[in-house]
Asker: 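Below are the structure tokens for one structure; questions will follow.
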Amino acid sequence: MATVKKSKKGIIVAIISVVLVIALVATGIGVFAAKKKIPQVSLYTISTGDINEVVNSSGAVTSGMVKDFKVSSVATVKEVFVKVGDEVKEGDMLATFDTSGLDSQKTQLQLAYDQAKVSYETALADQKSAQKYLNTINPEIEELEKTVAELEEIVNYSQQSTTTTTTQPTTKPSTTRQPVTYTTSERSTESTTRKQYSPNMSGAVEALTDLVSSISEISSSVEETNELTRIVMGIILQEIENGNLSSDAIADKVGEAVSKAISDSINVEIVEAAVRAVDWNAIGESFAGTPNVNLASAEVRLASLYAQKQLFEAKSSQDAVNAKKQFMLTSKSALDAVTDADAELTAGWVAPFDGTVTACDLVPGLQTNMLSSGLSIQNLNQMNVVVSLGEYDIHKVKVGMPATITTAYGKYTGEVLSKAPIATGASNNSALDSLGSMAGISGLSSLTSTGAGVQVIVSVDSPDDNIIAGFDADVLISVGNNVGITVVPIESIVLEKTGTYVFVYNEEDSTVTKTQITTGAISDSYYQVLTGLQPGDRIVATPSSDYTEDTFEVKVK
């Protein structure tokens, strides 16, 4: 019995072992097959086709075609031909205006723009020149700082030697080797009201800094400022090196040199007044109190370079240039807004379609008010959709372009009926209002602003009871028909931060390669291909998001 049981047990163990072996083999085969699994793909052959490019937007369905005529500038109402409730036909004149009062406003805004443009162009030129001079001055400052340090050591050593043989120590006047920003006081050309400077090198540094600031205020460019400063400082240093420390003598020499060197565009008297505004007596005392004239000369030269560096750093600032550019652009926007408003009011308000006057608060003989309702007409027998388009889309859209309107209950055809001449929806708190106030215009920022939208009215053909006023609708405006272009299905494209890609099939080795393309026009189904593909190329029809390699083998279904 024992032997029989043992044999049965062995058989059971053998069977289990065989099953385990088979399972392991099957698992290994499965793992191997998984590793060798080749993606199956469907291919699409690139061809040519047509794309009807569209602009997408959404807006509110309104009960009837609505046109709101808003007062966009201050003018005098000449005649009003309609009242609330009147029926009008397309082309009927609704109101006329006297816009002669806008001429002075446009003139002032044109002047503001011209000045802002010149100021920006000057700032741009000064920025380049200032950076050039900074590149020259900085190495000079480094070298001169070393020279001053060496001369100070010599002077200090000399003072220490003198101290050992005298009972009273000699105190060296304070010196300054770092650039310091000073507030320039109001100056008068009269010597009795000159600003007083300390009789030491710190006072000299402050005086020279003020002098450079004065010269920069009367100069029209960085080059001119640099040249005048070079002349003035050159004379001062020359007089110091020659031992002529009289402040009056230095002032006279500077005035003569500047008078000979400056162009006719600069008032000689202004330059001389700026030079004489400095109390040269204080500087002369500073030079006289310095144990080493070479050190004084080097200190003055260094102070001059520090002063010029401050000026050039301010002139080379990108923030300053950007501010002037922004003011120029704002000035141009203000001018364009008033010009457009003038053109609209000069032409008068004309009904763009058949409809009913639903609002009108214009009074003949009175000035328009930008806060008034203006005039509105509606076609109560027709539905439309009002959308707002940004600056990149509005230029593509023209009146009469076909459109498709989609609501929750279906699709409708239509067309662009009108687009507003100006953008709306801006804040009233803008630099435009400051410019407008110069020309006597209030609320100018409501005419145009970055981020504002242009109102576009799209009709709805054959509306039914399912399209309801007040609900939202999606609008596709057909802005261009591209015929016979290379196209690729939207579902074949992979969009990434680095660009737009497709997977191109290589028939020789049955692989696909991730390839970047550039696209143009777009429809709801296709993209136009500008570069990267040619008709006849085969690509993966619907790439998987699981692809981890740029090139890999595939099996075509």
Side-chain angles (χ1 to χ4, degrees), residues 59-102 105-106 333-334 336-389 394 397-400 415-426 428 432 436 441-449 452-459 469:
V61 178
T62 63
S63 58
M65 189 183 305
V66 180
K67 172 58 179 178
D68 293 324
F69 292 89
K70 293 293 185 181
V71 177
S72 54
S73 189
V74 178
T76 301
V77 180
K78 290 174 64 177
E79 294 182 271
V80 182
F81 302 101
V82 295
K83 62 181 182 298
V84 175
D86 285 353
E87 298 291 332
V88 297
K89 296 293 185 180
E90 179 181 352
D92 286 352
M93 183 65 69
L94 306 175
T96 58
F97 305 87
D98 177 7
T99 61
S100 58
L102 291 177
Q105 298 174 3
K106 289 193 298 181
S333 296
D336 290 345
V338 173
T339 301
D340 292 343
D342 182 27
E344 179 189 4
L345 292 177
T346 299
W349 288 350
V350 179
F353 50 81
D354 298 350
T356 303
V357 178
T358 58
C360 181
D361 60 3
L362 301 178
V363 179
L366 297 183
Q367 280 196 327
T368 58
N369 185 341
M370 295 179 67
L371 300 179
S372 68
S373 299
L375 190 150
S376 298
I377 63 173
Q378 295 188 32
N379 185 339
L380 301 178
N381 298 320
Q382 185 176 346
M383 306 292 283
N384 62 25
V385 181
V386 180
V387 299
S388 181
L389 299 181
I394 190 60
V397 175
K398 307 295 181 184
V399 172
E415 68 174 34
V416 176
L417 295 175
S418 65
K419 65 176 186 177
I422 58 175
T424 57
N428 289 331
L432 285 174
I441 308 171
S442 62
L444 187 59
S445 62
S446 64
L447 301 184
T448 180
S449 176
V454 175
Q455 185 186 78
V456 174
I457 299 177
V458 179
S459 66

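Note that the structure is predicted; figures quoted are calculated from it, not measured. For the single chain, residues carry numbers from 1 onward in sequence order.
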Asker: Between atom CD of Glu344 and atom OG1 of Thr99, what is the distance when rounded to the nearest 0.5 Å?
Answerer: 11.5 Å
Asker: Heavy atoms only: give me the nearest Leu345-Ala75 pair and the separation to one decimal.
Answerer: CD1-CB, 3.9 Å
Asker: With rounding to the nearest 0.5 Å, note down the distance linking OG1 in Thr358 to NZ in Lys67.
Answerer: 13.0 Å
Asker: Please find the pair of heavy atoms, one from Val454 and one from Ala420, that lie closest to each other, and give the distance.
Answerer: CG1-O, 3.3 Å
Asker: Flag the pair Glu90 / Asp354 as yes when at least one side-chain heavy-atom distance between them is below 4.5 Å, and no otherwise.
Answerer: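 Of all side-chain heavy-atom pairs linking Asp354 with Glu90, at least one is under 4.5 Å.
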Asker: Any chance you could measure Ile377, atom CD1, to Phe353, atom CZ, to the nearest 0.5 Å?
Answerer: 4.0 Å
Asker: Identify, with sequence neighbours excluded, every residue that meets side-chain contact (heavy atoms from CB on, under 4.5 Å) alongside Glu415.
Answerer: Leu417, Ser459
Asker: Who are the side-chain contact (heavy atoms from CB on, under 4.5 Å) partners of Lys398, not counting sequence neighbours?
Answerer: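 Result, side-chain contact (heavy atoms from CB on, under 4.5 Å) vs Lys398: Met401.
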Asker: Measuring from atom CG of Leu389 to atom NZ of Lys419, what distance do you get when rounded to the nearest 0.5 angstrom?
Answerer: 9.0 Å
Asker: Are Val456 and Val387 packed together at the side-chain level, in the sense that at least one heavy-atom pair is separated by less than 4.5 angstrom?
Answerer: yes
Asker: Just wondering, do Leu94 and Phe81 contact through their side chains at under 4.5 Å, heavy atoms?
Answerer: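 They are not in contact (no side-chain heavy atoms under 4.5 Å apart), so the answer is no.
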Asker: Which pairs, with at least one residue in residues 73-83 and sequence neighbours excluded, count as a salt bridge (charged side-chain N to carboxylate O under 4.0 Å, His left out)?
Answerer: Lys83-Asp86
Asker: Decide yes or no for Thr76 and Ser100: does some side-chain heavy atom of the first lie under 4.5 Å from some side-chain heavy atom of the second?
Answerer: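 Result no, sub-4.5 Å side-chain heavy-atom pair not found.
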Asker: Please give me the minimum heavy-atom distance between Ser388 and Gly453, naming the atom from each residue.
Answerer: OG-CA, 3.2 Å
Asker: Return the minimal non-hydrogen interatomic distance between Phe69 and Pro352, and the atom names on each side.
Answerer: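 Nearest heavy atoms, Phe69 then Pro352: CZ-CD, 4.0 Å.
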Asker: List the atom of Ser418, the atom of Val399, and the distance in Å for their closest heavy-atom pair.
Answerer: CA-CG2, 3.9 Å
Asker: If you measure from CG on Asp68 to CD on Gln378, what distance do you get to the nearest 0.5 Å?
Answerer: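 Between atom CG of Asp68 and atom CD of Gln378 there are 7.5 Å.
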Asker: Can you tell if the side chain of Val82 reaches within under 4.5 Å of the side chain of Leu375, non-hydrogen atoms only?
Answerer: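 Yes. Closest side-chain heavy atoms under 4.5 Å.
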Asker: So, for Trp349 and Met93, which heavy atoms are closest and what is the spacing to 0.1 Å?
Answerer: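 In terms of heavy atoms, the two residues are closest at O-SD, 3.4 Å.
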